[in-house]
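A quick write-up on the structure given underneath.
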Amino acid sequence: MLLSGTAVGVLLGLTGGGAGVFAIPLLTLLMGFSFMEAKPIALIAVAIAAFVGALQSAKSGHLRWRAALFIVFIGSLASPLGQWIAFQLSHQWLVYSFSILMLVMASNLFRQAFAMVGSRCSDNDSTQRPCMLSEKTGRLIWTKKCAAKLTAAGISSGVFLGLYGVGVGFILVPALSRSTNISVQATTATSLMVIALMSSIVAGGMVLDGVTINQTGLTFIGAACVGAVIGRLLSLRLSSLTLKWGLGTLMVITAILFALIS
């Protein structure tokens, strides 16, 4: 239990939140929770762990607050749709669809890794994007196209979070990378803050609806928080390419086990 929670926290700190997808399978396979029982635990664990990572990044000035709050606002409006869809699906359908999504995420990571190996380029380039940083102020220039892109990111993130409770980072990080020219560090920090705030809102709503978390879940959450701090420290030592290969491989293994055993 402690090891599982710590592992999820470490992965969250390393990736900017997308690795929260491991929380649901670990809670289900190792601790006997159903998908819907694991969902609020994963939400709170991811929220706190992401918040810890975001605060660490904010100290270095990488966090883009306006973009983060905008996406959170849109995503919070969209999340009830995802929650409604989740209640229409059986446990088995949730497991199978979640496993497929993990495989899709893994394939995207492998594709990005192959692209990095082939091009040998840096994580950033000067390509024109809908949301560009001002050379004078260093802030994002908000245009209609920029707002539209971030709105789309907020809607997809909100629905996904409401449906599965985790994994939003694998939507947010690529969306911010394609839509903006902010640095990799800023992308990670902004994604973490969005995940922290949006997950807190959705989890808060579930608690108000009467959802409770037992001692096992609370221990998992605490361990994830510790792991997030460790993950942020490790992220300074590991290359982006190594993380993509490693996470992609773990996702494939976890997705297969989750689909077969649950």
Side-chain angles (χ1 to χ4, degrees), residues 4 6-26 42 46 49-50 53-54 56-57 60 62 64 97-131 149 152-153 156-157 160-161 164 166-195 224 227-228 230-260:
S4 299
T6 303
V8 169
V10 169
L11 292 171
L12 279 167
L14 284 171
T15 62
V21 292
F22 291 102
I24 295 286
L26 286 173
V46 168
Q56 287 180 307
S57 299
S60 57
H62 292 303
R64 297 288 167 176
S97 62
F98 191 79
S99 298
I100 292 171
L101 282 169
M102 287 191 77
L103 292 175
V104 172
M105 291 176 183
S107 68
N108 287 336
L109 287 172
F110 290 142
R111 178 178 52 79
Q112 293 167 18
F114 277 120
M116 291 176 68
V117 171
S119 63
R120 297 293 181 183
C121 63
S122 63
D123 290 324
N124 296 303
D125 56 46
S126 57
T127 304
Q128 190 72 21
R129 293 182 173 90
C131 302
K149 288 290 185 181
S156 56
S157 297
F160 194 90
L161 187 69
Y164 296 113
V166 291
V168 176
F170 279 106
I171 293 177
L172 274 177
V173 172
L176 288 174
S177 297
R178 289 192 300 265
S179 302
T180 74
N181 65 335
I182 61 178
S183 67
V184 173
Q185 293 87 347
T187 298
T188 300
T190 304
S191 297
L192 282 169
M193 184 55 74
V194 170
I195 293 165
I230 298 172
R232 290 303 298 162
L233 296 174
L234 288 175
S235 67
L236 302 175
R237 299 176 178 271
L238 297 176
S239 69
S240 178
L241 182 61
T242 300
L243 286 173
K244 291 181 190 301
W245 281 119
L247 281 173
T249 302
L250 280 175
M251 279 188 181
V252 171
I253 296 171
T254 304
I256 294 172
L257 290 175
F258 192 39
L260 293 176

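When reading the values below, keep in mind they use all heavy atoms of this one structure, side chains included, and skip hydrogens, waters and symmetry mates.
The side chain to side chain donor-acceptor pair (under 3.5 Å) test applied to Thr249 returns no partner, not counting sequence neighbours. Under the side-chain contact (heavy atoms from CB on, under 4.5 Å) criterion, Ser156 pairs with Ile171, not counting sequence neighbours.
Side-chain contact check for Phe114 versus Trp245: some heavy-atom pair is nearer than 4.5 Å. Side-chain contact between Pro25 and Met102 is present, with at least one heavy-atom pair separated by less than 4.5 Å. In this structure, Pro174 and Asn108 have side chains that are not in contact, with every pair of non-hydrogen atoms separated by 4.5 Å or more. A heavy-atom distance below 4.5 Å is found between the side chains of Arg64 and Ile182. Residues Leu247 and Phe22 form a side-chain contact, since some pair of their non-hydrogen atoms from C-beta on lies under 4.5 Å apart. Counting heavy atoms from C-beta on, the side chains of Ser179 and Arg129 never come closer than 4.5 Å.
Considering all non-hydrogen atoms of both residues, Ile24 and Ala42 come closest at CD1-CB, 3.9 Å. Summarising the geometry of Ala153 relative to Ala175, their closest heavy-atom pair is CB-CB, 4.0 Å, with the distance given to 0.1 Å. Scanning both residues, Val21 and Met251, for their nearest heavy atoms gives CG2-CE, 3.6 Å. Counting all heavy atoms, side chain and backbone alike, Val252 lies closest to Leu103 at CA-CD2, 4.0 Å.
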Please evaluate residues Leu176 and Ser191 with respect to the criterion side chain to side chain contact (heavy atoms under 4.5 Å, CB included), reporting the C-alpha separation (whole Å), side-chain torsions for both, the decisive distance (0.1 Å), and the verdict.
CA-CA 8 Å; Leu176 288 174; Ser191 297; 3.5 Å; yes

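Between Phe160 and Tyr164, a ring centre-to-centre spacing shorter than 6.0 Å is recorded.
One distance of note links CG of Leu241 with CG of Leu109; it measures 11.0 Å at 0.5 Å rounding.
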